[in-house]
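In this text, all values refer to a predicted model and were calculated from it rather than measured experimentally. Counting from 1, the numbers follow the sequence of the chain as shown. Side chains are part of it too, since the values below use all heavy atoms of this structure and drop only hydrogens, waters and symmetry mates.
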Amino acid sequence: MAKKDKSKNYLEFVPVKSEKIKEKTIEEENIQLIVPRTSFFDKIAIKLFFAPDKFKIDLDELGSFIWKNIDGEKNVYEIGNLVKEKFKEKAEPLYERLIEYLNILNNNEFISFKD
């Protein structure tokens, strides 16, 4: 993950999807993320409690749109402009929400950042 020091502008960071995360389209254009459970504790739970070996996360329209635009090329600012163009005032406060969403994806290792 790129270091977030004060000399860097978060809007210039480029999100990159994790190769571990699979996706499929559901409900017209919404995305479902398919996340493998690979930690030591996950493996125990899978064996002992017959837990699923992956979990699925259904993204809403806005989350799906953002996910589709994470291509390893567009930076946060460019993705934000696309969101603003499509969702208008429905996306406001735009950058606060976008950055929070990207931080959640990053903290869960669904994406990383290059700058």
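Atom CG in Asn106 sits 12.5 Å away from atom OH in Tyr101 (nearest 0.5 Å). Note that OH of Tyr10 and CG of Leu102 are 5.5 Å apart. Values are rounded to the nearest 0.5 Å. How far CG of Leu94 is from CD1 of Ile99: 9.0 Å, rounded to the nearest 0.5 Å. The CD1 atom of Ile66 sits 8.0 Å away from the CG atom of Leu105 when rounded to the nearest 0.5 Å.
Remark: Ile57 pairs with Leu33, Val35, Phe55, Leu59, Phe110 by the side chain to side chain contact (heavy atoms under 4.5 Å, CB included) rule, at least two apart or across chains. By the salt bridge (Lys or Arg N to Asp or Glu O under 4.0 Å) test, Lys17 is found to be paired with Glu23, residues two or more places apart in sequence or in another chain being considered. Remark: Asn108 engages no residue in a side-chain hydrogen bond (donor to acceptor under 3.5 Å, both in side chains) (not counting sequence neighbours). In this view, Gln32 and Lys24, Ile26, Ile34, Lys56, Asp58 satisfy the side chain to side chain contact (heavy atoms under 4.5 Å, CB included) rule, not counting sequence neighbours. Looking at residues two or more places apart in sequence or on another chain, you find a ring pair (Phe, Tyr, Trp, His ring centres under 6.0 Å) between Phe87 and Phe65. Checked against side chain to side chain contact (heavy atoms under 4.5 Å, CB included), Ser18 has the following partners two or more places apart in sequence or in another chain: Lys20, Ile21.
Pairs engaging residues 59-86 under the salt bridge (Lys or Arg N to Asp or Glu O under 4.0 Å) rule: Glu29-Lys68, Glu61-Lys90, Asp71-Lys74 [sequence neighbours left out]. Residue pairs meeting the salt bridge (Lys or Arg N to Asp or Glu O under 4.0 Å) criterion with at least one member in residues 93-107, sequence neighbours excluded, do not occur.
Of all the heavy atoms in Asn30 and Ser64, the pair that sits closest is CA-OG, 3.3 Å.
Listed for the Tyr95 side chain is a donor-acceptor partner under 3.5 Å among the backbone atoms of Tyr77.
In Glu92, the CD atom is crowded: over 12 heavy atoms of neighbouring residues, nucleotides or ligands sit closer than 6.0 Å.
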